[in-house]
Amino acid sequence: MSEVSVKRDYDPGIIESRWQRRWAESGLYKTDEDPAKPKHYALTMLPYPSGDLHVGHWYAMTPSDTRARFMRMRGYRVFFPIGFDAFGLPAENAAIKRGIHPRKWTYSNIENMRGQLRQMGTMFDFDSEVVTCEPEYYRWNQWFFLKFFEKGLAYRAEVPVDWCPNDQTTLAREQVIGPNRVCERCGTPVIRKNLRQWLFKITDYADELLDFSKIEWPERVKTLQTNWIGRSEGAEIEFDVPGYGPIEVFTTRPDTLFGATFFVMAPEHPAVEKITTPEQQAEVKSYVEKAARMSEIDRTDVTREKTGVFTGAYATNPANGESIPIYVADYVLMGYGTGAIMAVPAHDERDFEFARQYGIEIRPVIAPPDWKGGEFEEAYTGEGTMINSGRFDGTPSDEGREKVTAWLEERGKGRHAVSYRLRDWLISRQRYWGTPIPIIYCEKCGTVPVPEEDLPVLLPEDAEFTPTGESPLKLDPDFYNTTCPRCGGPATRETDTMDTFMDSSWYQYRYLSPHYDEGPFDTERGGKWLPVDQYTGGVEHAVMHLLYTRFFTKVMRDLGLVDFDEPMRRLFNQGEILGPDGNRMSKSKGNVVNPQEFVDRYGADVLRCFLMFIGPWNEGGPWDGKGIEGVARFLRRAHTLVTGGGPSGAEADPAEIERRTNRTIRKITQDIENFRFNTAIASLMEHTNYLLAVRGRVGEGEWREALRSFVLILAPFAPHHAEEMWAEMGLSYSVHLQEWPQWNEDLVAEEEITLVVQVNGRLRDRIQAPADIAEEDARELALASPKVRPHVEGKEIRKSIYVPGRLVNLVVK
RNA sequence: GCGAGAGUGGUGGAAUGGUAGACACGCUAGAUUUAGGAUCUAGUGCCCUAACCGGGCGUGCGGGUUCAAAUCCCGCCUCUCGCACCA
């Protein structure tokens with residue numbers, strides 16, 4: 001068979017779609033439920049149906065698929081589902097722009113992407129597909145909301161919230177990104193508003209969320225979540241303000257209490273107005289107003305000089321009875337602790353800076369080790385010995401923290417306290433395309449949850465959804481006006497919809513029984529598959545989706561729905577594939593790479609393998625399509641192994657073929673286990689090159705055996721090619737139902753090795769030697785080398801190091 | 001400022017104490033071809049040498065440990081990401 005006809009033989013357009021059809025017809029990827037096999041739930045993050053699958057989807061999904069296929073061949077029953085995160089803003093924005101309904105836009109995208117997902121050649125179980133904008137799905141969002149409400153985990157409160165002026169909705173704290181505080185979706189800087197909103201009490205689970213002992217997740221994600229939760233331990237201390245009453249502060253350093261020489265309140269603190277003396281009223285008022293006008297970005301700019309205003313009032317330090325001045329300053333934030341602090345300039349950098357500026361006493365109360373007395377040039381924040389602290393003088397500061405707290409507690413002036421940076425999860429959104437919050441407001445009965453049997457509260461199809469800043473559902477009288485389920489009187493519905501992160505917090509459970517209508521999922525089936533064994537997705541969701549879904553699972557456990565604590569046992573973060581210009585791919589930058597043209601030209605297998613080959617999966621990087629030719633060549637050459645000339649002789653060493661095959665099986669197995677797809681492909685290439693080199697010089701039996709193993713280990717990477725080759729070898733359908741080949745460690749070992757000879761650590765020669773050569777023999781061999789001799793002649797050999805099977809290093813002088 | 005990750009040929013990358021640059025891209029030469037493409041063969045870190053034989057240098061920079069360092073330790077530089085007045 002000539003090379004030309006071989007080339008025509010593998011036409012990806014024909015061959016790939018033919019196998020895809022056959023796979024679908026034969027139900028090859030229907031989930032294997034065989035209870036005798038160990039289970040493996042592999043999950044890739046729920047994609048948003050944005051229109052077309054872009055190369056980023058391929059990058060995220062196909063290596064996951066490769067690993068799922070591998071697990072299946074290794075004897076696991078594998079559940080590998082897919083679905084669509086179908087609610088959310090882009091649908092609405094597109095709908096507004098094009099004048100079509102968000103549902104229509106979303107479904108046509110889903111339709112489109114379903115076809116493209118099949119083109120990828122994945123083993124997704126499409127029967128388990130979940131579409132989150134379906135009433136049969138969001139009904140259970142509402143059900144969860146009701147359960148949360150019953151448990152006191154869902155509540156409504158007027159809170160300062162982040163508002164995106166572009167998307168015209170509130171955002172959760174996690175969805176405000178970076179120092180510039182921009183919207184996670186659109187990049188617009190957010191503004192502050194006070195609104196009555198629904199929140200989930202994720203803070204109740206803060207401590208448990210800090211415990212990662214039951215999961216194998218990347219350190220990076222665990223650190224991000226830990227920092228996000230921001231637990232700090234300390235004390236709440238009451239400072240009395242004569243004529244007003246006690247005001248509480250939170251501090252992590254109660255041991256420095258005696259050094260508090262002033263007191264600061266956040267401009268938003270509700271007591272500010274009440275404690276301010278008449279003479280200071282005007283100045284304080286103008287400062288507070290200025291702070292309110294200032295943007296969040298300016299307000300939190302750390303390089304800015306500290307500013308503040310004296311209120312005229314004084315607070316009493318409960319430790320020593322001293323009166324200290326109360327300031328209003330914007331470096332104290334209302335959103336953390338109690339919104340008021342005791343300022344200890346000697347031992348806090350910010351307080352130090354402020355005290356210098358306003359000429360306030362800086363009194364050391366913790367003596368640094370080796371301190372000789374004298375003024376502080378900067379705040380000392382480390383540990384030391386307590387001084388100027390009355391009865392506590394001489395106490396080490398770390399001990400002092402507990403002792404001072406206990407002392408305050410005895411006198412009813414303070415207590416041990418823990419503070420978190422984590423805020424409750426704000427779930428209200430003032431947009432149309434989301435899950436209606438199942439709450440009814442009745443004048444007589446107040447806030448009434450929609451009874452479970454009335455779910456789902458359907459999202460009206462014909463609402464006017466152009467954003468106005470108000471919830472669109474408010475403008476739909478048929479939706480808005482209702483009757484109270486309790487008293488039957490006139491009532492109105494909650495018109496906000498839920499954050500779409502609600503949908504993705506529990507979708508992995510719904511996949512198990514997407515049409516189940518007696519609960520969010522069939523718990524019996526859950527017992528057979530849960531929890532997720534291997535999750536893969538981008539790190540950008542570390543403190544959003546990945547925190548929310550852990551929270552959800554813990555609540556679900558407390559509701560008795562699951563009997564474990566963590567949703568996903570293992571997590572792997574793949575990197576992000578960037579545009580050719582090194583920037584994130586986006587339509588506006590015009591740097592989006594469309595996978596379709598590569599699929600058309602080379603086929604899905606080539607694109608899959610190329611994406612796995614370009615580098616370590618966790619690193620991502622800019623797209624550079626040039627190297628794809630190399631992968632195309634590799635698969636073409638691999639294919640010619642079965643179509644090209646067969647065995648015609650037996651000159652090649654059969655042991656060598658066996659050894660190489662075993663070694664490659666071992667390498668590929670270990671690489672897939674460790675997500676090192678790039679080196680796996682490299683060794684497949686190497687093995688292909690070797691097999692091509694010995695083709696025609698191999699006995700029939702060895703050749704077939706070598707090819708069989710090769711096709712099996714190729715199968716997870718290039719499923720179409722492998723299937724085609726398998727069929728061409730006359731083997732029975734399907735390669736994907738075969739068992740993963742075993743390697744034999746004894747057959748991997750080399751009989752002969754390249755012995756490296758160094759003199760004083762410098763490479764001088766390489767000598768072929770038996771693998772089990774003894775030290776003396778190796779040294780003798782080395783000394784006999786004509787390349788080595790000039791470097792050792794006339795010199796004393798002081799030492800020789802022998803690394804068995806690798807090298808000899810002669811140390812001479 | 002704090003925390004994490006990274007820095008290796010023209011390019012993507014491999015090697016986690018023992019042959020630096022596997023595997024590819026690209027490039028050069030040759031074969032095949034009317035030509036181009038495709039394919040095949042050989043070469044390809046840099047420098048000295050006409051070439052060979054040799055040799056030297058080389059993993060961001062500087063030092064150290066070791067028979068031996070891209071890899072371990074100390075100090076610095078650069079880039080990327082995250083957090084950032086959190087009391």
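Because only heavy atoms are used, hydrogens play no part in the values below, and waters and symmetry mates are left out as well, while side chains stay in. A note on names: the letters A, B, ... follow the listed sequences, proteins ahead of strands, and every chain is numbered from 1.
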Touch class at under 4.0 angstrom, heavy-atom based, for A:N809 against every strand present: base
Evaluation steps, salt bridge (Lys or Arg N to Asp or Glu O under 4.0 Å), between A:R659 and A:E656: CA-CA 5 Å; A:R659 182 161 55 241; A:E656 174 73 3; 2.4 Å; yes
Distance, P atom - from B:rG64 to B:rU28, rounded to whole angstrom: 44 Å
Rounded distance in Å between the P positions of B:rG62 and B:rA14: 25 Å
Sugar-phosphate, base or nothing in reach of A:L224, heavy atoms under 4.0 Å: sugar-phosphate
Between A:T754 and A:Q768: side-chain donor-acceptor atoms closer than 3.5 Å: yes
Nearest-angstrom distance from the residue atom CG of A:N227 to P of B:rG82: 14 Å
Same-atom distance (C1') from B:rC73 to B:rC79, integer angstrom: 24 Å
Presence of A:N689 side-chain N/O under 4.0 Å of B:rA24 phosphate oxygens OP1/OP2: yes
Phosphate contact (B:rC67 OP1 or OP2) by A:S800 side-chain N/O below 4.0 Å: no
Toward the 5' end of RNA chain B, by each residue's nearest nucleotide, A:W228 or A:L763: A:L763
Stems involving RNA chain B, each a run of at least 3 consecutive Watson-Crick or G-U pairs under 3.5 Å: B:1-7 with B:77-83, B:10-12 with B:23-25, B:26-31 with B:39-44, B:45-48 with B:54-57, B:60-64 with B:72-76
Ring-ring centroid check A:Y548 A:W425, cutoff 6.0 Å: yes
A:W617 and A:F675 aromatic ring geometry - parallel, tilted or perpendicular at 30°/60° bounds: parallel
Parallel, tilted or perpendicular: rings of A:Y331 and A:F354 (30°, 60°): tilted
Geometric class of the A:H541/A:H545 ring pair [parallel <30°, tilted 30-60°, perpendicular >60°]: perpendicular
Which nucleotide in B:rA87, B:rC81, B:rC23 has an atom nearest any side-chain atom of A:R220: B:rC81
Sugar-phosphate only, base, or nothing, as touched by A:R806 at under 4.0 Å among non-hydrogen atoms: sugar-phosphate
Sugar-phosphate, base or nothing in reach of A:Q758, heavy atoms under 4.0 Å: base
Distance in angstrom units between A:D351 CG and B:rA87 P, rounded: 12 Å
Interatomic distance where CZ belongs to A:R181 and P belongs to B:rG82 [whole Å]: 15 Å
A:R421 and A:N227 side chains, donor-acceptor separation under 3.5 Å: no
Base versus backbone protein contacts along nucleotides 10-16 of chain B [heavy-atom cut-off under 4.0 Å; B, S, -]: --BSS--
Distance in angstrom units between A:L635 CG and B:rC23 C1', rounded: 14 Å
Aromatic ring pairing A:H347/A:F376, orientation class (parallel under 30°, perpendicular over 60°, tilted between): perpendicular
Separation between CZ of A:F239 and CD1 of A:I326, rounded to the nearest 0.5 Å: 9.5 Å
Side-chain heavy atoms of A:Y287 within contact of A:P267, under 4.5 Å: yes
Flag, side chain of A:N317 to backbone of A:L257, donor-acceptor distance under 3.5 Å: yes
Sugar-phosphate, base or nothing in reach of A:V249, heavy atoms under 4.0 Å: nothing
Ring centres under 6.0 angstrom apart (A:F598, A:W58): no
Distance below 4.0 Å between A:R637 side-chain N/O and B:rC40 OP1 or OP2: yes
Side-chain N or O of A:K799 closer than 4.0 Å to phosphate OP1/OP2 of B:rC67: yes
Separation of B:rA87 C1' from A:F262 CZ (nearest whole Å): 11 Å
Donor on one side chain, acceptor on other, A:Y602 and A:E629, under 3.5 Å: yes
B:rA15 and B:rA87, which share atom name C1', separated by this distance in whole Å: 48 Å
Could you pull out the protein-nucleic contacts involving nucleotides 55-59 of chain B (nitrogen or oxygen on both sides, under 3.5 Å)?
residue: B:rG55; atom: OP1; partner: A:H791; partner atom: NE2; Å: 3.4
residue: B:rC57; atom: OP2; partner: A:R762; partner atom: NH2; Å: 2.5

Inter-nucleotide P distance (B:rG37, B:rC23), Å rounded: 26 Å
Spacing of A:N573 atom CG relative to B:rC81 atom C1', expressed in whole Å: 12 Å
Chi-based syn or anti call at B:rG9, which uses purine or pyrimidine torsion atoms and a 90° bound: syn
Among B:rA38, B:rA22, B:rG18, the nucleotide that comes nearest once only the side chain of A:R636 is considered: B:rA38
Spacing of A:I324 atom CD1 relative to B:rA87 atom C1', expressed in whole Å: 14 Å
B:rU19 to B:rA70 separation - P atoms, rounded to the nearest Å: 10 Å
Whichever of A:L692 and A:G761 has its nearest RNA chain B nucleotide further upstream toward 5': A:L692
Greater than 12 external heavy atoms within 6.0 Å of A:R220's CZ: no
Nearest to side-chain heavy atoms of A:D330, which nucleotide of B:rA87, B:rG3, B:rC85: B:rC85
Check: A:S800/A:R779 side-chain N/O donor and acceptor closer than 3.5 Å: yes
A:R421 side chain near B:rC83 phosphate (N/O to OP1/OP2, under 4.0 Å): no
Closest listed nucleotide, where the reference is the side chain of A:F250 and the choices are B:rC23, B:rC85, B:rA87: B:rA87
Side-chain N,O (A:R633) to OP1/OP2 (B:rA24) below 4.0 Å: no
Sugar-phosphate, base or nothing in reach of A:S232, heavy atoms under 4.0 Å: sugar-phosphate
Atom pair distance, as rounded to whole Å: OH in A:Y420 and C1' in B:rA87: 17 Å
Nearest-Å distance once atom C1' is located in both B:rC72 and B:rU59: 16 Å
Nearest-angstrom distance, C1' atom, B:rC40 to B:rU33: 13 Å
Sugar-phosphate, base or nothing in reach of A:V803, heavy atoms under 4.0 Å: base
